[in-house]
**Q** 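Before I ask anything, let me first share the structure, which is written out below as C-alpha cells.
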Amino acid sequence: MVTRTVDLRSDTVTKPTETMRAAMATADVDDDVLCHDPTALRLETEMARITGKEAALFVPSGTMGNLISVLAHCDIRGSEVVLGNNSHIHIYENGGISTIGGVHPRTVKNNEDGTMDIDLIEAAIRDPRGALVYPITRLICLENTHANSGGKCLSVEYTDQVGELAKKHGLKLHIDGARIFNASVALGIPVHRLLQAADSASICLSKGLGAPVGSVIVGSNSFIAKAKILRKTLGGGMRQVGILCAAAIVAVQENVGKLEGDHKNAKVLAEGLNKIKGIRVDAASVETNIFYFDIEESSKHTAESLSKYLQQRGILVMLEGPSRVRIVLHHQISESDVQYTLSCFQQALTGVPDQNGI
Ligand SMILES: Cc1ncc(COP(=O)(O)O)c(C=O)c1O
Ligand SMILES: C[C@@H](O)[C@H](N)C(=O)O
C-alpha cells in the first residue's frame with residue numbers, strides 16, 4: 001500500500017496551498033473583459049513592477065503567453081522568428097506560432113547551456129534585400145531557464161548581447177521566462193535585470209511558484225494592448241479571473257523564497273543518484289530545479305521499468321526516452337522526500353536495501 005506520493009514529473013504538478021485557496025475564496029472580482037478585474041489588476045501591476053516593464057497581462061497558460069507574444073511582434077504576414085531548435089515554443093506548443101499565427105520558425109541549434117551561438121543567430125536573420133524570396137525576420141526568442149537543457153540559466157550578459165543584436169537588426173526580443181524566477185534566484189540577479197533587454201516576456205506562475213493556473217505576459221503599454229486583443233481572439237478573455245489571480249498573487253508573495261530550496265534539493269538528489277551504480281547524471285551541472293539522468297546499458301532497468309518500480313512506491317518521474325528520465329523539484333517536495341526517493345532508486349538499481357532498510 002503506497003502511503004506517500006513524491007511527484008517529480010514537473011513543477012506544474014503542485015496543488016494550491018491553503019493560503020491560495022483562502023485567497024481564491026475571498027477574491028475581489030469583476031468582469032475582466034468588460035472592465036478590469038481588480039485582483040487581476042493587482043497581479044498585473046505587481047508583475048509589471050517586478051519585471052521593470054510598463055504593463056502586464058494575465059493569461060491562462062505559458063503556451064498562450066508565448067503564442068500571444070510572438071503574434072503581437074509578428075503581426076505582418078510572412079514574418080519569421082529565430083528560436084532554439086530545443087526550445088519549448090518550437091517543440092511543445094503544437095507549432096502554434098505557425099498553425100495559428102502563420103509565423104515561420106527559423107531554428108538555431110541550442111547549446112547544452114540553453115544558449116544559441118550569437119553568430120548563428122545573426123546568420124539566421126534574413127537579409128532584407130532578399131524580401132522577394134525570404135520571410136522577414138521580426139523576432140528572436142530566448143528561454144530562461146532553458147527547460148530541455150536541464151533548467152540552465154541564461155546569463156544577463158548573454159541576454160544583453162542578444163538584445164543588442166536584435167536592436168542592430170531592428171528586431172524584437174521575446175523571452176520565454178516560464179522559470180525566470182528560478183534563473184533570478186540561481187544567478188542572484190533581479191528578474192527585471194534579466195529581462196531588461198527583452199521587449200516582452202511570458203512568465204509562468206503555475207510552475208515553481210506553485211499557482212494553480214496561469215502566466216503573465218509583460219512588455220510595453222502598446223505591446224500589452226495588442227496582446228489583450230490577441231488574448232480575446234484566442235478565447236483567453238476571462239471574466240471573474242480574480243479567482244485565479246488571487247492565488248497567483250499568493251504564489252509570488254510566498255514561493256519565490258522557496259525556489260532556492262528546490263534548487264538545493266535538485267542538487268542533493270542528483271548527487272545522490274550519481275552514486276548509484278547504473279545511473280549517470282551530470283550532478284555538477286545542475287543549476288536550478290530540473291535535471292535529466294540516463295540509465296546505463298549495464299542496468300537491469302529501462303526508463304519504463306524503473307518508472308513503474310518507482311510508481312509502485314509513490315514516486316512519479318517523466319520519461320524522456322528508452323533510457324532517459326527527467327526529474328523536476330518543486331516546493332511540495334521535502335528533503336525527506338528526496339531521501340526516500342534515493343532509497344527507492346538504490347533498491348531498484350542494486351536490489352540492496354540501503355540504511356533505511358527499504
Ligand atoms: C520553458 C517553458 N515554456 C512554456 C511552457 C508552457 O507553459 P504551460 O504549460 O502553462 O502552457 C512550459 C511548460 O509547461 C515550459 O517549460
Ligand atoms: C512538458 C512541458 O510542456 C512542461 N512545460 C513541463 O516542463 O513539465
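Atom set for the values below is all heavy atoms of this structure, side chains included, hydrogens, waters and symmetry mates excluded. Start at 1 and go down the list; that is how both ligands and their atoms are numbered. The shown structure was predicted, so the numbers you read here are calculated from the model rather than taken from an experiment.
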**Q** Short list, please: which atoms of ligand 1 are under 4.0 Å from a heavy atom of N66?
**A**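 Going through ligand 1 atom by atom, the ones under 4.0 Å from N66 are 4 (C).
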**Q** Just let me know how A178 lines up against ligand 1, side chain, backbone, both or neither, with a heavy-atom cut-off below 4.0 Å.
**A**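 Within the 4.0 Å criterion, A178 contacts ligand 1 through side-chain atoms alone.
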**Q** Can you tell me if H146 has a non-hydrogen atom under 4.0 Å from ligand 1?
**A**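 Per 4.0 Å heavy-atom rule, H146 does not contact ligand 1.
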**Q** Hey, is ligand 2 close enough to S10 that some N/O pair sits below 3.5 Å?
**A**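 Yes: some nitrogen or oxygen of S10 is under 3.5 Å from one in ligand 2.
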**Q** Identify the closest protein heavy atom to atom 5 (C) of ligand 1: which residue and atom is it, and at what distance?
**A**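 Of the protein heavy atoms, H88 CE1, 3.2 Å lies nearest.
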**Q** Within the structure provided, determine whether L67 and L234 are in side-chain contact (heavy-atom separation under 4.5 Å).
**A**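 Yes, their side chains come closer than 4.5 Å.
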**Q** Would you mind running through ligand 1 and noting each atom that sits below 4.0 Å from a heavy atom of E143?
**A**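 So the atoms of ligand 1 that pass are 1 (C).
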**Q** If we only count N/O pairs under 3.5 Å, is T12 in contact with ligand 2?
**A**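 In this structure, T12 places no N or O atom under 3.5 Å from an N or O of ligand 2.
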**Q** I'd like to check which ligand 2 atoms, numbered from 1 as shown, lie under 4.0 Å from a non-hydrogen atom of K207.
**A**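 Numbered from 1, ligand 2 contributes 5 (N).
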**Q** For ligand 2, find out whether one of its N or O atoms is nearer than 3.5 Å to an N or O atom of R326.
**A**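 Min N/O separation from ligand 2 is below 3.5 Å for R326.
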**Q** Can you pull out the closest protein heavy atom to atom 8 (P) of ligand 1? Residue, atom name and distance to 0.1 Å, please.
**A**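 Protein heavy atom at minimum distance: G62 N, 3.5 Å.
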**Q** Quick one: does D37's side chain get under 4.5 Å of D31's, heavy atoms only?
**A**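 No - every pair of side-chain heavy atoms lies 4.5 Å or more apart.
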**Q** Could you please spell out the steps behind the salt bridge (charged side-chain N to carboxylate O under 4.0 Å, His left out) verdict for D32 and R231?
**A** CA-CA 12 Å; D32 198 49; R231 181 184 71 173; 3.2 Å; yes
**Q** Would you mind checking which non-hydrogen protein atom is closest to atom 3 (N) of ligand 1, with the distance to 0.1 Å?
**A**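 Looking at atom 3 (N) of ligand 1, the protein heavy atom closest to it is D176 OD2, 2.7 Å.
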**Q** For atom 4 (C) of ligand 2, what's the nearest protein heavy atom and its distance?
**A**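 Nearest neighbour among protein heavy atoms for atom 4 (C) of ligand 2, to 0.1 Å: H88 NE2, 4.1 Å.
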**Q** Taking only heavy atoms of E93, which atoms of ligand 1 are found under 4.0 Å from at least one of them?
**A**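 In order of number, 4 (C).
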**Q** Considering only protein heavy atoms, which is closest to atom 9 (O) of ligand 1, and at what distance to one decimal place?
**A**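 Answer, as residue, atom name and distance: K207 NZ, 3.7 Å.
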**Q** Determine whether any heavy atom of E320 lies closer than 4.0 Å to an atom of ligand 2.
**A**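 The answer is no, since E320 has no heavy atom less than 4.0 Å from ligand 2.
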**Q** Any non-hydrogen side-chain atom of Y92 less than 4.5 Å from a side-chain atom of N148?
**A**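 Yes; the side chains approach each other to less than 4.5 Å.
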**Q** Checking a contact table here: which protein heavy atom is nearest atom 16 (O) of ligand 1, and how many Å away?
**A**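 The protein heavy atom lying closest is R179 NH1, 2.8 Å.
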